[in-house]
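Notes for the one structure printed next.
All of these numbers come straight from a predicted model, not from anything done at the bench. Atoms considered below: every heavy atom in the structure, side chains included; atoms not considered: hydrogens, waters and symmetry mates.
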Amino acid sequence: MNDLISVVIPTYNRSHIIIETLDSVAAQTHTNWECIIVDDGSTDNTAEVLEQYCKNDSRFQYHQRPLNKNKGANPCRNYGFELSKGNYVKWFDSDDIMHPDFLEKQLLVLVSDFKLDFCAGFSKTFDGRIENIVGFNNPVIYEDNQNSLFNYITGKLIFLTPSPLWRKDFLKGKNLFDETLFNAHETDFNFSRLIEGARFKYLNETLFFVRRGHESIDGKSGRDINSYLSMFKYYQKVFLYLTINSFILEKEEGKMLSKFILYKQLMVMHNVRQVFPISCFLKELKIVTGNIFKIKLDFKIRIKILIGIVMLVFLKKGYRFFDLKELKTAKYYK
């Protein structure tokens, strides 16, 4: 069990905390790894800090994001994958901390069962010091079964980007992280892997720690227009998957899921309109209006939603016309 693991870490202006992350990689009980750090154009002293760190341990590599790639964490993640030489790949974040046997325990699972494509682990959120635990990031459901996709879409099954250790052969030749997304990137990535048939096992123990309160390396806030529209794009991807695979919509679960996704899209539209002018989401407005007619809805419900959209456009109101039991509960919302 001495396989090479490639750890890929995008970073931007985190010279003050990234050493804690790298120290946790260096402390891994599985020692055959390479750590590929891809800088998204930091303006602090990241380069100076990492140059010294790489000199002390040759397993660390420091790279700048190529200028021909868009700025953002996703291009950095994809570039790191291109550089990787390991049989297994672990994407990690530059402000989080690994448990010392994170890699070893996940690798053992994958080596023991060649049918698995990735192994995931639980995590806790800390504030400032790792001893100060303030939350948990664990799924309600964590089994790999025939309902995994439904559970994932509705949020009962989750995978944070640093959680899985991936078998590289499964990822080769696939479109990995969508470089046009500023939000929902890990949700989109994992959704794509699940519809490709990825098989997984969740280890029921805490294997990494997520730092609270640090802005994403993209520098995008939750109220940034690109973040909102990225979420909408992800929901549309799911909606199209459901409608194209009509056999899913023939089942009661599929019908409820399509309504649930429509509700999520309407909520994104509502949030965007509270902050931004209508011109910011005309394309999305056209898409969601078309979606209303692609799924089976009671005539009165459809009319209510259309009235809500008109009110949203002109009055920045309409939430009560979207907040419908038929759309949002579908047994998944709770």
Side-chain angles (χ1 to χ4, degrees), residues 72-74 149-161 177-192 194-195 215-216 218-244 254-295 297 301-334:
N74 287 346
L149 186 60
F150 293 112
N151 291 329
Y152 184 76
I153 291 172
T154 56
K156 291 183 178 180
L157 175 65
I158 61 172
F159 306 102
L160 300 186
T161 301
F177 289 93
D178 187 336
E179 299 185 7
T180 68
L181 294 181
F182 296 93
N183 196 357
H185 54 266
E186 69 184 3
T187 313
D188 175 82
F189 173 86
N190 292 314
F191 172 75
S192 296
L194 288 176
I195 65 176
E215 185 182 62
S216 74
D218 295 296
K220 301 294 182 181
S221 70
R223 293 171 68 84
D224 179 90
I225 184 64
N226 289 318
S227 295
Y228 279 123
L229 298 186
S230 292
M231 292 171 59
F232 187 93
K233 182 178 179 181
Y234 163 69
Y235 291 133
Q236 183 61 13
K237 181 177 182 177
V238 176
F239 188 89
L240 289 176
Y241 176 80
L242 294 171
T243 53
I244 290 173
K255 293 176 183 177
M256 289 189 287
L257 268 183
S258 63
K259 295 173 184 178
F260 175 75
I261 294 300
L262 177 61
Y263 167 76
K264 301 294 279 187
Q265 288 182 312
L266 290 168
M267 290 302 99
V268 171
M269 300 277 287
H270 181 268
N271 291 335
V272 169
R273 188 65 181 108
Q274 304 314 299
V275 185
F276 303 101
I278 188 65
S279 58
C280 288
F281 65 106
L282 284 175
K283 181 176 72 173
E284 289 73 20
L285 177 64
K286 182 178 179 180
I287 290 172
V288 78
T289 303
N291 288 349
I292 295 168
F293 295 94
K294 289 180 181 177
I295 57 177
L297 288 172
I301 296 294
R302 187 174 283 128
I303 293 299
K304 277 187 177 181
I305 297 172
L306 291 173
I307 292 173
I309 289 177
V310 172
M311 292 185 66
L312 184 65
V313 168
F314 293 103
L315 303 174
K316 293 188 178 184
K317 298 181 179 180
Y319 176 85
R320 67 187 181 92
F321 291 93
F322 306 146
D323 191 28
L324 303 168
K325 182 178 180 181
E326 181 177 345
L327 293 184
K328 79 170 188 178
T329 50
K331 89 177 179 181
Y332 296 113
Y333 186 77
K334 295 181 180 180

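Every residue two or more places apart in sequence or in another chain was checked for a salt bridge (Lys or Arg N to Asp or Glu O under 4.0 Å) with Glu284, and none qualifies. Judged as a side chain to side chain donor-acceptor pair (under 3.5 Å), and not counting sequence neighbours, the contacts of Glu186 are Thr161. Under the salt bridge (Lys or Arg N to Asp or Glu O under 4.0 Å) criterion, Lys304 pairs with no residue at all, not counting sequence neighbours. Listed by chain and number, the residues in a side chain to side chain donor-acceptor pair (under 3.5 Å) with Asn291 are Gln236, Gln265 (sequence neighbours excluded). Contacts of Thr180 classified as side chain to side chain donor-acceptor pair (under 3.5 Å), with partners at least two apart in sequence or in another chain: Asp178, Lys233. A search for ring pair (Phe, Tyr, Trp, His ring centres under 6.0 Å) contacts involving Phe177 returns Trp91, Phe189, not counting sequence neighbours. With sequence neighbours excluded, the residues forming a side chain to side chain contact (heavy atoms under 4.5 Å, CB included) with Ile303 are Phe299, Ile307, listed by chain and number. In this structure, the side chain to side chain contact (heavy atoms under 4.5 Å, CB included) partners of Ile195, at least two apart in sequence or on a different chain, are Leu149, Phe191, Tyr241. Take Thr187 and apply the side chain to side chain donor-acceptor pair (under 3.5 Å) test, not counting sequence neighbours, and it matches no residue. Evaluation of the side chain to side chain contact (heavy atoms under 4.5 Å, CB included) rule for Ile301 yields Leu297, Asp298, Ile305, Leu324, Glu326 as partners, not counting sequence neighbours.
Across all non-hydrogen atoms, the minimal contact from Phe239 to Ile295 is CZ-CG2, 3.7 Å.
When atom types are taken as modelled, the side chain of Arg302 and the backbone of Phe293 share no donor-acceptor pair closer than 3.5 angstrom. Judged purely by atom type and a 3.5 angstrom limit, Asp323 has no side-chain atom pairing as donor or acceptor with the backbone of Tyr319.
Every pair tested for salt bridge (charged side-chain N to carboxylate O under 4.0 Å, His left out) that includes a residue from residues 274-283 fails, sequence neighbours excluded, so the list is empty.
Tyr152 and Phe159 have parallel rings, their planes meeting at less than 30° on a 0 to 90° scale where 60° marks the start of perpendicular.
Shown here is Lys317, whose NZ atom has no more than 12 heavy atoms of other residues, nucleotides or ligands within 6.0 Å.
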